[in-house]
Every structure is written in C-alpha cells, then in structure tokens.
Amino acid sequence: MFEPVIAPSASLLGLLQRGRGDGQLHALAADRTEAIAALEECVTRDPRADWQVENRSLYYARLYMELEAPLDGIEDHLHSPEDLLDEDEARTGLALSVLGHLAAYGRRDALLMLREYAATGTSWAWALDELALRDDDRGLLLLGTAVLDRFAPGPEGDAELRETVRSAYEPRPWRLWAAYHPRVAAASEQAPFDVWQRQLNRSGVTPGWSTADVLAWADQGELGSLGAAAFAGGPVRSGASHDGGPGPDAVDRRAAAAARCLAAVVRPEDRPEVLEAARTGLPGARRAALRHLVDRQDPAAAGLIEAAAAEVDDRLVRFALELLGRMRGPEALAHARRWADPATGGADSALGEAAVRLLADAGEPTDAPLVVGGLRRWVLLHGVSGADAGLGTLVDGAGRLTATEAVPVLRHIYGEAVSSELRGRAARALAATDVHFPEGPAVECLWDCEESTRELAARHVATTGDARVLERLRRLAADPAEEAEVHAAVRGRLTSARSVVPGVRVIGMEPGSTSRPRRRPAPGCPRTPGR
C-alpha cells in the first residue's frame, strides 16, 4: 500500500487531506477545476494514517455534492489495472464509502458505479456493504448471481462462501439471496456451527495452581519457539520471530494472561518470589510479575519499573513504560513527578516522557506545568505529522488540567496535525483552555470531517458575529446523513439561538428542509407582512 504525500497545511490539497473545515470552505471559493482535482486526489489516494479511527467519506461526499463534481476520477480509480493486482481494501475503501454516501444523497451515477464494482471489482465485499445500506431489494437481487459466481463449486468454495457470509458486515444481501439461492441458504445455516466447532476445538496448555507454576507457564510455548536471538535486541517483525514463529508481542500477551492468573494464586508469603521474578526473571515471568505488582499497587512496583526502564532490552523497556501508564495512586504520581521534573535531568528520557503521560492521564492541576512542558518537548522533537498515542495523551491532559498556557501549542497541533483524530482531541483541549475558541476554531470545526469535532463545535460555537454559523447549523440539522449526536447538539443550539430573538417563537422546521423555519408573532406583537 502506498504512503500518501501530505501537502502543506496552508494549501487547498493539504486542508482537504487533513479533513479540516477550512478545506471545504476554501474548495468552494477556489477555481472549480482545481478544487475537483484536489478532491479526486484525496479520494483516490487515501490520506489517512489509520482509516479505522479517522473519517473522511462523508466530508468528501458533501464536497462532491457542493461542487456538483463528476465521478470520472473515482471510476478510473476503481477500474484501473491495479485493482487486479492489489487486493488491499484500503486502496478502494475510501472511494467506495464516498460513493455510498453519494448514493444516499440521490446520485444515481454513484449507485450504478457501486453495483458495477460489486459485480466485477476486487474489493466487491466493501461495495456490497455500501449497497446493503442504500440499494433496494431488486438491485441487490440482480447482483446475486454475479457474486455467487466468485465461489467455485465444491467443498473449498462452499467453505469460503460460509466464511464470507459469517463475516459479512451487512448481512441484508445474503438474507435476500438465501430465499433464491440454495448455496447461500446452506451457507447461512452452516456458518454458526462453524464458529461453535472452532470454539470447542480450542486447545492449549493451562498453568498449574501455584505462583511458581504460573511464572514458569509465562515462559512456555511462544517463548520456546522464539529462541534467545529474539531478545538480543535484533530487529524482529511485529508478531513474528526470525524463524517464522510467534513474536515478542505473543510473550506480552501470555504475560498479561499470566498476570491475571497470579491475581488468583499469589498468597502473601509468595510476594518475595514475585519480587525476585520482577527483578531477574526470564522475559515472560518478569513481565507477568511486573504487571501483577502494578495492578496490585505494590509499593515496590515503582522502583522495579524504573529498573526495568534502564535495561538494554528494548522490548522490556517498552513493556515497563506501558505498565507505568497503568499506575495510579499518590505514590505513583509522586514518582512520576520526580521522573518528569526537568530539574532531575530525566525529563528527556523515555521514562520521563512516560511519566509526563501518566501525569496527563491522572495528575492534579498542580501538574499542569510539567504536562505543558512535556507537550512542547514532544512537538519540538517529534512534530505533529503522525498519530502517536503519546501525543494524544498529552493533548488530552492539557485540556483535562485546563492548562491555559498550552493554548499556543494546541493551536499549532490543531492546524498542522495530519490525523483528524488528533486534531479533534486538540479541539477538545482548546474548548477547555482557549477563551476565543467559540468564535475562532469552533466555527471552522462545524465543517470538520469528524462527527465528534462537529458535535463539539455545535455545543461551543458562538451563534452571533459570523453569518455562516446559523446557516451551517441549519444545514447540519437538515442533513439525513449526519450523526444523531450532531443533530442533537445542533438542534439544541438552534433552539437556544432562536429563543433570544425578541417577539419570535419557532413553530418548527420541515423535515429535510434547509430553509428558515416558519415563525409567528408572540402574543402582543404586531403582525408584519412576509416576503
């Protein structure tokens, strides 16, 4: 899968790639040909780092509607020769989702394009899910034969069909086809039994019921197939060892399971054994013991985490720093303040950065300067181009602690972040810290690609001073594709905005209408002729 090149945030393409509200506003004011070209670039080369947490499809579909843009670029992308070679759904997923929204808006060409791709394209299952939400029964029934032809006759094809039916995101087409196609009916009946059989056939070795048994079990199985080379600091693919076996993350998973077992079997007299394992144990046992001590808020946990964070094994260091984020309580916060304090010289270390994130999550208002300092150092060292969870934690912490001194760096993150999920977190932090948020960023956020950001804007935006605000709120309220949470926030603001108009009472807004609501004079007010 290609890595998209993200344009500067000040350019039209850069704004659209980021999903910023200003992107739509600039596109509508720009040359139409230029705007459509930038829009097609975004839809056919998905700019998102993680499509599972970032939204763009409705944002781009609305702009297609506003520009009355043709769909030639999407059609060429779906039917390019690359579609036969690249089976990754991420290549076409965004384009298909945009077509789904356009079909819901009444674009017949988008609906026909989805039908054609569902019958002939590589990522046909995604297109079928979009059609399941938007197409009528007749259109879906006509697709049945073309879809079933993808599954070869015989046991292997039937097994593949059962798996497809079982994992379908939208089951509506398969339920329709089951009444007309015996193979689909049989697959639909057999799929639940396949799941049941897999659950019954699960096998595995369980630990014995003693602390020593559990600690030994933490280093069995996956660890045995890794070999010592996996923990020597060399590069290992995520989830796999050099010889193709399970990777160190499998050890982490078993260690987490072992820690849960330790909670059931460890007795007070076993504490020295657990402490020794946390200091010098084998990788699996050491991880399990550390996690058990952290979960139990043991007084020795902080010192053991600090020692593990100084080890040469990068994987153990990573595990220890992740555990630090799970620590809570006054003692843990006191250690975190010491590790994060620049005066101690450790603020720039990995332990210091993790400690700042802990303070951002669970610290007190007096910890705001440390959190803001950590936020500034992060942006200076790493920038804001990625979607790192650590940066998001610091942004959330600045908002939670109402750190007003963080406003300049939060504004920078809001404007430059490539991740719309991170930008939304920055917007929430600004809403809590920036007194100018209602008449500033909140206005742009009404056009943002993330529904949570639009909802935030609807709840905070100033409804006076900018003529675009009330009109945008009305359009969001009337848009059937908008999320229910945004509708609720928007209509609440519209009601409160109208209630302050003297002598005016709202009768209501017709469903689906974008026009102004009908009004009638309040009692005692003179009637005035309408236009």
Side-chain angles (χ1 to χ4, degrees), residues 19-25 28 54-66 97 100-107 133-134 399 414 420-421 423-432 434-523 525 528 530-531:
R20 282 184 53 180
D22 271 356
Q24 286 206 24
L25 299 174
L28 296 176
E54 295 186 61
N55 297 306
R56 291 291 191 282
S57 55
L58 180 58
Y59 173 85
Y60 294 141
R62 282 172 169 166
L63 195 49
Y64 265 99
M65 295 297 293
E66 294 280 1
S97 296
H101 284 298
L102 290 174
Y105 279 130
R107 289 280 299 256
L133 297 173
R134 279 99 183 184
Y414 173 86
S420 57
E421 190 263 347
R423 182 177 64 253
R425 297 169 83 163
R428 286 193 294 274
L430 284 171
D434 188 357
V435 296
H436 299 293
F437 179 77
E439 65 269 14
V443 177
E444 176 191 350
C445 287
L446 289 174
W447 282 265
D448 198 86
C449 67
E450 296 291 340
E451 62 263 21
S452 58
T453 306
R454 296 194 297 274
E455 179 187 358
L456 175 81
R459 297 190 185 281
H460 289 84
V461 70
T463 55
T464 58
D466 192 328
R468 300 173 299 174
V469 170
L470 285 178
E471 179 60 28
R472 179 59 177 174
L473 291 175
R474 293 187 187 101
R475 297 194 66 174
L476 290 176
D479 191 339
E482 190 54 86
E483 297 292 331
E485 293 82 0
V486 180
H487 275 159
V490 166
R491 287 166 180 164
R493 292 306 307 278
L494 285 173
T495 301
S496 62
R498 293 169 191 141
S499 64
V500 300
V501 179
V504 173
R505 190 191 319 163
V506 178
I507 296 178
M509 182 182 293
E510 296 295 330
S513 171
T514 59
S515 61
R516 296 177 182 271
R518 295 177 290 114
R519 295 173 176 174
R520 68 184 178 197
C525 294
T528 55
R531 293 193 298 172

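As the structure is a prediction and not an experimental result, all values here were calculated from the model. Residue indices begin at 1 and follow the sequence shown.
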Any side-chain heavy-atom pair of [X] and [Y] under 4.5 Å:
{"X": "R62", "Y": "Q24", "result": "yes"}
{"X": "T464", "Y": "L470", "result": "no"}
{"X": "V461", "Y": "R472", "result": "no"}

[X]: side-chain contact (heavy atoms from CB on, under 4.5 Å) partners, not counting sequence neighbours:
{"X": "S420", "value": "E54, R56, R423, C449, E450"}
{"X": "R468", "value": "L25, V443, W447, D466"}
{"X": "H101", "value": "S57, L58, A61, R134"}

**Item:** H487 side, atom NE2; R454 side, atom CZ - distance, nearest 0.5 Å
**Value:** 9.5 Å
**Message:** Can you tell me how far apart CZ (R491) and CG (L476) are? Round to the nearest 0.5 Å.
**Reply:** 10.5 Å
**Message:** With side-chain contact (heavy atoms from CB on, under 4.5 Å) as the criterion, how do Y105 and D479 come out once you've worked through the C-alpha distance, each side chain's angles and the decisive distance to 0.1 Å?
**Reply:** CA-CA 9 Å; Y105 279 130; D479 191 339; 2.7 Å; yes
Testing the basics here: between [X] and [Y], what is the closest heavy-atom pair and its distance to 0.1 Å?
{"X": "L456", "Y": "A431", "result": "CD1-CB, 4.1 Å"}
{"X": "Y414", "Y": "C445", "result": "OH-SG, 3.4 Å"}
{"X": "L446", "Y": "A458", "result": "CD2-N, 3.8 Å"}
{"X": "E451", "Y": "E482", "result": "CB-OE2, 4.2 Å"}
{"X": "A442", "Y": "A457", "result": "O-CB, 3.2 Å"}
{"X": "R107", "Y": "Y64", "result": "NH1-O, 4.1 Å"}

**Message:** The test is side-chain contact (heavy atoms from CB on, under 4.5 Å); show your working for E444 and R20 and say whether it passes.
**Reply:** CA-CA 8 Å; E444 176 191 350; R20 282 184 53 180; 2.8 Å; yes
